[in-house]
Undergrad: 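Just dropping this structure here.
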There are 2 protein chains.
Amino acid sequence: MEASSADSAPRGGEPHPDGKLTRERMLACALEMVDREGIDKLSMRGLARALGRDPMSLYRHAANKADLLDGVAETVLAELTVDPNDTDWVAQLRAVARQFRRIALSHPHVVPLLVTRPLATPLALRPRGTLRPLEDVLALLTQAGFSGADALHIYRAVFGFLNGHILNELQEIVENPEETDDLLRLGLHRLPIHEFPNLRSLASVLASYDGAAELERGLDILLAGLPTVSTSAM
Amino acid sequence: MEASSADSAPRGGEPHPDGKLTRERMLACALEMVDREGIDKLSMRGLARALGRDPMSLYRHAANKADLLDGVAETVLAELTVDPNDTDWVAQLRAVARQFRRIALSHPHVVPLLVTRPLATPLALRPRGTLRPLEDVLALLTQAGFSGADALHIYRAVFGFLNGHILNELQEIVENPEETDDLLRLGLHRLPIHEFPNLRSLASVLASYDGAAELERGLDILLAGLPTVSTSAM
DNA sequence: AGACTGATGTCTACACCGTAGGTCTACGGA
DNA sequence: TCCGTAGACCTACGGTGTAGACATCAGTCT
């Protein structure tokens, strides 16, 4: 008996960790694997191996692999909390934005899921945890006196910008981190000089990218510009 | 001879279209398939079938499947043209933005590639066609009198916003297009009323989303705000 | 002319994948 | 006591990406 159960969970994690397998445990483990090795290294079989279970048991807690990925995205997004009762809506949105950035940076491999999964699913069918921030921001803004339409508009502007920003920030990858010369560090020396003169000349600027500052400046522009245009154009 | 060649390319497209298989032809076919059925329905074998070739021949023109996907993204992005000599940089950026939106909307299934692929590759190793718009925008802005650093900053702001916007716009999916009632059309009736009151009450606003207008308003805010902050904060 | 070389296409094979369908077990309520 | 149901497991099927060996052929050099 022990032989067969040991055989059914041969490699990796504990053979039978303890107690039952819950959706949370499964998602937590999946998140850990994605954080470590990236999305496309996550397989149902590999996840089951890490949990010490049979691959098929996962389907008790997730309908699909797609559903599992949705769950991972939801888990990460659940770290984001919005206080709909804050009376200073600008400050609250800033706080949310900083939070969002921090979460994205600490789970960079999940970001593709965050931006990509909603493209496949109509709003109302998305995992509920995903809709929570939307609902809460709407509450925040209507309590601040905005109409529903304007609230939605502001939500879209802020989160659109936020998604764009973290996509930008996560693209800053240094090729040879140990190099001291910026041009070599970024690998820009391979670009033909006559084809990409501007890009090459920006090596030092590219190397000193400051994501946090960039986010703040974007928010400055956005939050300053938003209320002035919001009602007039709709 | 004919028998064996017909056997090697059994289903789908022409058996041996004509002439050689080029990278362009392969990418064009791949793009077509992605546009039709989405990214994850694209397999090397399926693509080969559609081309009437052996799956392995694809590897003469793409190192990987990843490389092939990069190629598809590059192909699409190549439709984007920037005129670096336009003396009105604001107008030119607006034109680029509208172009970008149009391209993204006509290849919605490629958008995940566009926003996601650069996350894996350091700037200098990205497909050249992908860097072309960046270089050209930098040229446009430095010719307009901006410093390199400011030019880069503006590029990031605009394209970050652009990415965010189209991610937003592509999320607008109606569940039952034939329904007339907005709440049902969007499927919002499934959301528990007491948990998502704000969201549910916005059915009509959600249903009348106008992407083009939204883009213009965002550009208004961004382009108005950008020059005023650009040098002062760096 | 003949040999060599490199690009291109083809075939086979391998390890891995997602998951349909069925079975075994344990348990809680009737 | 019996049944229903939830959880876990096993087997099996039809796919996947791609390594590695081989075939074909155009061109180039001798």
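Naming: A, B, ... by sequence-line order, numbering from 1 per chain. Everything numeric in this text was worked out from a predicted model, so none of it was measured.
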Undergrad: Without decimals, in angstroms, what is the distance between L21(B) CG and dT8(C) P?
TA: 10 Å

Undergrad: Rounded to whole angstrom units, what separation is found between the CG atom of L47(A) and the P atom of dT19(C)?
TA: 13 Å

Undergrad: Determine which pairs satisfy salt bridge (charged side-chain N to carboxylate O under 4.0 Å, His left out) with at least one residue from residues 109-118 of chain A, sequence neighbours left out, and list them in order.
TA: D70(A)-R117(A)

Undergrad: Just jot down the side chain to side chain donor-acceptor pair (under 3.5 Å) partners of D67(B), sequence neighbours excluded, or say none.
TA: R23(B)

Undergrad: For the pair made of CG in L51(B) and P in dT8(C), what is the distance, rounded to whole Å?
TA: 15 Å

Undergrad: Can you tell me if S57(B) touches the phosphate of dT8(C), counting only side-chain N or O atoms and a distance under 4.0 Å to OP1 or OP2?
TA: no

Undergrad: Rounded to whole Å, please give me the gap between CG in L58(A) and P in dA8(D).
TA: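 Spelled out: CG on L58(A) to P on dA8(D) is 9 Å.
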
Undergrad: For R98(B), give me all partners under side chain to side chain donor-acceptor pair (under 3.5 Å), at least two apart in sequence or on another chain.
TA: E216(B)

Undergrad: Are side-chain N/O atoms of Q171(B) and R156(A) paired as donor and acceptor at under 3.5 Å?
TA: no

Undergrad: Reading nucleotides 16-24 of chain D from the 5' end, what letters show protein touch, with B for base, S for backbone sugar-phosphate only, - for no heavy atom under 4.0 Å?
TA: BBBBB----

Undergrad: Report yes if a side-chain nitrogen or oxygen of H61(B) is closer than 4.0 Å to either non-bridging phosphate oxygen (OP1 or OP2) of dG9(C); otherwise report no.
TA: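 Yes, H61(B) has a side-chain N/O under 4.0 Å of OP1/OP2 on dG9(C).
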
Undergrad: State which residues pass side chain to side chain contact (heavy atoms under 4.5 Å, CB included) with L80(B); sequence neighbours excluded, sorted by chain then number.
TA: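 Side chain to side chain contact (heavy atoms under 4.5 Å, CB included) list for L80(B), sorted by chain: V96(B), Q99(B), F100(B), I103(B), P133(B), F159(B).
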
Undergrad: To the nearest Å, how far apart are M26(A) CE and dA8(D) C1'?
TA: 14 Å

Undergrad: Grab the CG-C1' distance between D54(A) and dA12(D) for me, whole Å please.
TA: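 It works out to 13 Å between those atoms.
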
Undergrad: Using whole Å, report how far CG of D40(B) lies from P of dT19(C).
TA: 11 Å

Undergrad: Applying salt bridge (charged side-chain N to carboxylate O under 4.0 Å, His left out) as the test, list every pair that has at least one member in residues 186-195 of chain B; sequence neighbours left out.
TA: R132(A)-E195(B), E175(B)-R190(B)

Undergrad: Rounding to a whole Å, what distance do you find between E37(B):CD and dG15(D):C1'?
TA: 15 Å

